[in-house]
Amino acid sequence: MKPIFVEIPLVKNEGKRRFEIEIDGKYAFTNYGEFGSQIALVHTETDPELEGTGAASAVVEKTLHYLENHNLKLLPFCPFVFAYIKRFPEWKRIVSKKFKGYDKL
C-alpha cells in the first residue's frame, strides 16, 4: 500500500453498501454484501482521478484488515479482490472455505 493512504480511514458506508476511502473528495470503494459472518466483495472501483494511484489496492487492503479484525470470512467475487489475494496469498487465511473459487487462490 502506498504511504499516502496510510492515514486515510476506511469507512463502512452501510447506506451505499460499500467500504470506501476518500481522497480530496474522490473515492475508491469496494461494494459488499453481508451474509451472517461472511462478507462478499463484489465490485471495486475508483473515481477516474484516482486511477493508477494505488487507491483501489489501498481500499482492498484496508477492507481485508477490517474483515480480519471483525472475524468475518471473505467471499472474493470481485475480480480485482480475487487477483489481489492471488498476489498476496497470505490473505487466503480470511477467505471462506465455502467460496467456490477457494482452490484457485
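Treat the numbers as computed from the prediction; the structure is a model and nothing was measured. Heavy-atom basis, side chains included; hydrogens, waters and symmetry copies ignored.
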Please step through side chain to side chain contact (heavy atoms under 4.5 Å, CB included) for the pair F29 and K16, ending with a clear verdict. CA-CA 10 Å; F29 61 88; K16 292 186 177 181; over 6 Å; no
Begin from the C-alpha positions of I85 and L74 and carry the test side chain to side chain contact (heavy atoms under 4.5 Å, CB included) through to its verdict. CA-CA 11 Å; I85 292 168; L74 170 64; 3.2 Å; yes
Side chains of E20 and P9: closer than 4.5 Å at any heavy-atom pair? no
Enter the distance from T53:OG1 to I23:CD1 here, rounded to the nearest 0.5 Å. 6.0 Å
Do F80 and E45 come close enough that some side-chain heavy atom pair is under 4.5 Å? no
Flag for Y84-E61: side-chain donor and acceptor within less than 3.5 Å: yes
ILVMFWY cluster, L41 and Y27 together (side-chain gap under 4.5 Å): no
Side chains of V95 and P76 in contact at under 4.5 Å (non-hydrogen atoms): yes
Would you indicate whether D24, at its atom CG, is surrounded by more than 12 heavy atoms from other residues, nucleotides or ligands within a distance under 6.0 Å? no
Between CG on residue L64 and CZ on residue R93, distance to nearest 0.5 Å: 8.5 Å
Min side-chain heavy-atom separation V11-F19 under 4.5 Å: no
State whether K26 and E51 are salt-bridged, where the test is any N-O pair (Lys NZ or Arg NE/NH1/NH2 against Asp/Glu carboxylate O) under 4.0 Å. no
Apply side chain to side chain contact (heavy atoms under 4.5 Å, CB included) to W91 and E68, showing your working. CA-CA 9 Å; W91 281 111; E68 185 170 53; 3.8 Å; yes
C78 side chain near V42 side chain, heavy-atom distance below 4.5 Å: no
Working to the nearest 0.5 angstrom, can you tell me the gap between I21 CD1 and E7 CD? 12.5 Å
Are F99 and F77, when compared by the centres of their aromatic rings, separated by less than 6.0 Å? yes
Find the distance between CZ (R18) and OH (Y32) and round it off to the nearest 0.5 Å. 11.0 Å
Quick check for you: to the nearest 0.5 Å, what is the distance between K100 atom NZ and L75 atom CG? 13.0 Å
F5 six-ring face occupied by K62 cation (under 6.0 Å, within 45°): no
